[in-house]
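These numbers come from a predicted model, not from an experiment.
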Amino acid sequence: MATPHIQAEVGAFADTVLLPGDPLRAKFIAETYLTDVTQVNAVRNMLGFTGYYKGKRVSVMGTGMGIPSCALYATELVTHFGVKQLIRVGSCGTVQDDIALGNIVIAMGASTDSKTNRMRFAGHDFAALADFSLLNQVVTTAQQHAIPIRVGNVFSSDLFYTPEPDMFDVIKRMGVLGIEMEAAGLYGVASFYGAKALTLLTVSDHITQDLHASAEARQKSFKQMIELALESV
């Protein structure tokens, strides 16, 4: 049944949904990689599609930016449409000297300054972790295709324009690989409702070195990440 944010019928979504933040990237993924594609959502222009990748039924849908938006769509996909696996495919920044633009980061865990997971966990700290089976699938696929990846912790920030720039020094010291805005919330939703979740990120910005990928470079590197996700599922 439809929700206030997803106007689709039960069964419209596959068991596995790729979740880019940008709905236009969802459209790009559907048109570029999937066959027999059907658009299943357009509410608020948060585009969603279902099709097939090499015979496997897969959906893709935008989530918007930030934990509240991502958590809203993830919750409705799991609780109303029976989605079992949620795979975020997005971008991140980094402050680590040994990580470059275009590198792929897999979020094994996600730290955060958001309170959302504490609200789900009786006010206590919650270890927001990826599903191991999904993580293992992606790592194995990357090794089979000789795709270099980094696996570790990321930081999900509530604010894109932070008032605490000193936090970057802490993030670097603690070995956090990437900085983004959704993974911790996605992992919290998945844990709360018994689904599986994983986050794949392409490094688009090096914050401390003031380096930023061009539109062409983003497109090329994002395609490798998307193909890794699709081949894995």
Side-chain angles (χ1 to χ4, degrees), residues 1-27 29-30 39-50 57-92 105-121 126-135 137-138 154-158 178 180-201 225-226 229-230 232-233:
M1 71 186 269
T3 70
H5 310 98
I6 304 175
Q7 294 294 307
E9 300 297 324
V10 172
F13 290 91
D15 287 347
T16 298
V17 182
L18 269 60
L19 300 173
D22 185 351
L24 292 181
R25 186 166 296 135
K27 184 173 187 288
I29 294 171
Q39 182 172 314
V40 294
N41 190 63
V43 178
R44 296 176 180 245
N45 285 324
M46 197 58 72
L47 305 177
F49 304 86
T50 296
R57 191 166 184 253
V58 179
S59 296
V60 55
M61 181 170 164
T63 65
M65 296 180 67
I67 286 176
S69 183
C70 182
L72 180 156
Y73 288 106
T75 297
E76 293 186 0
L77 287 170
V78 172
T79 60
H80 288 76
F81 298 98
V83 172
K84 308 298 184 187
Q85 299 187 141
L86 303 163
I87 302 177
R88 166 161 153 69
V89 283
S91 61
C92 70
V105 170
I106 313 297
M108 180 167 59
S111 303
T112 186
D113 56 11
S114 172
K115 191 181 176 181
T116 54
N117 285 338
R118 286 191 173 197
M119 294 173 68
R120 299 184 194 280
F121 206 54
F126 174 77
L129 302 176
D131 176 76
F132 178 76
S133 62
L134 280 178
L135 176 65
Q137 283 176 239
V138 171
V154 302
F155 182 77
S156 301
S157 176
D158 266 349
E180 51 87 73
M181 299 182 70
E182 289 85 19
L186 178 64
Y187 291 176
V189 168
S191 295
F192 194 79
Y193 291 107
K196 298 179 178 181
L198 181 66
T199 294
L200 284 69
L201 303 164
M225 171 186 63
I226 293 163
L230 289 169
S232 299
V233 300

Correct closest heavy-atom pair for G62 and A26 would be N-CB, 3.8 Å
If you take all heavy atoms of V83 and A195, which pair is closest and at what distance? O-CB, 4.4 Å
Treating [X] as the side-chain partner and [Y] as the backbone partner, does any N or O pair qualify as donor plus acceptor under 3.5 Å?
{"X": "N117", "Y": "A184", "result": "yes"}
{"X": "T112", "Y": "S157", "result": "no"}
{"X": "Y187", "Y": "T199", "result": "yes"}
{"X": "D158", "Y": "G66", "result": "no"}
{"X": "E76", "Y": "L72", "result": "no"}
{"X": "D22", "Y": "G64", "result": "no"}
{"X": "D131", "Y": "A197", "result": "no"}

When you look at H5 and Y73, which way does the side chain to side chain contact (heavy atoms under 4.5 Å, CB included) test go after all the steps? CA-CA 8 Å; H5 310 98; Y73 288 106; 3.8 Å; yes
Please test V105 against V154 for side chain to side chain contact (heavy atoms under 4.5 Å, CB included), starting from the C-alpha separation and ending with a verdict. CA-CA 9 Å; V105 170; V154 302; 3.9 Å; yes
Working to the nearest 0.5 Å, report the span between [atom1] of [X] and [atom2] of [Y].
{"X": "R25", "Y": "T63", "atom1": "CZ", "atom2": "OG1", "answer": "10.5 Å"}
{"X": "T116", "Y": "F121", "atom1": "OG1", "atom2": "CZ", "answer": "13.0 Å"}
{"X": "S59", "Y": "Q85", "atom1": "OG", "atom2": "CD", "answer": "12.0 Å"}
{"X": "M61", "Y": "L77", "atom1": "CE", "atom2": "CG", "answer": "5.5 Å"}
{"X": "F49", "Y": "Q39", "atom1": "CZ", "atom2": "CD", "answer": "4.5 Å"}
{"X": "K84", "Y": "Y193", "atom1": "NZ", "atom2": "OH", "answer": "14.5 Å"}

Any donor-acceptor N or O pair under 3.5 Å, side chains S91, E180: no
Can a donor-acceptor pair be found between the side chains of S232 and Q137 at a distance below 3.5 Å? no
Got S156 and M181 here, is their nearest side-chain heavy-atom distance under 4.5 Å? no
The side chain to side chain contact (heavy atoms under 4.5 Å, CB included) partner of V60 among T50, L18, I87 is L18
Show, in sequence, the C-alpha distance, side-chain angles and deciding distance for L24 and N45, and conclude whether the side chain to side chain contact (heavy atoms under 4.5 Å, CB included) test is met. CA-CA 9 Å; L24 292 181; N45 285 324; over 6 Å; no
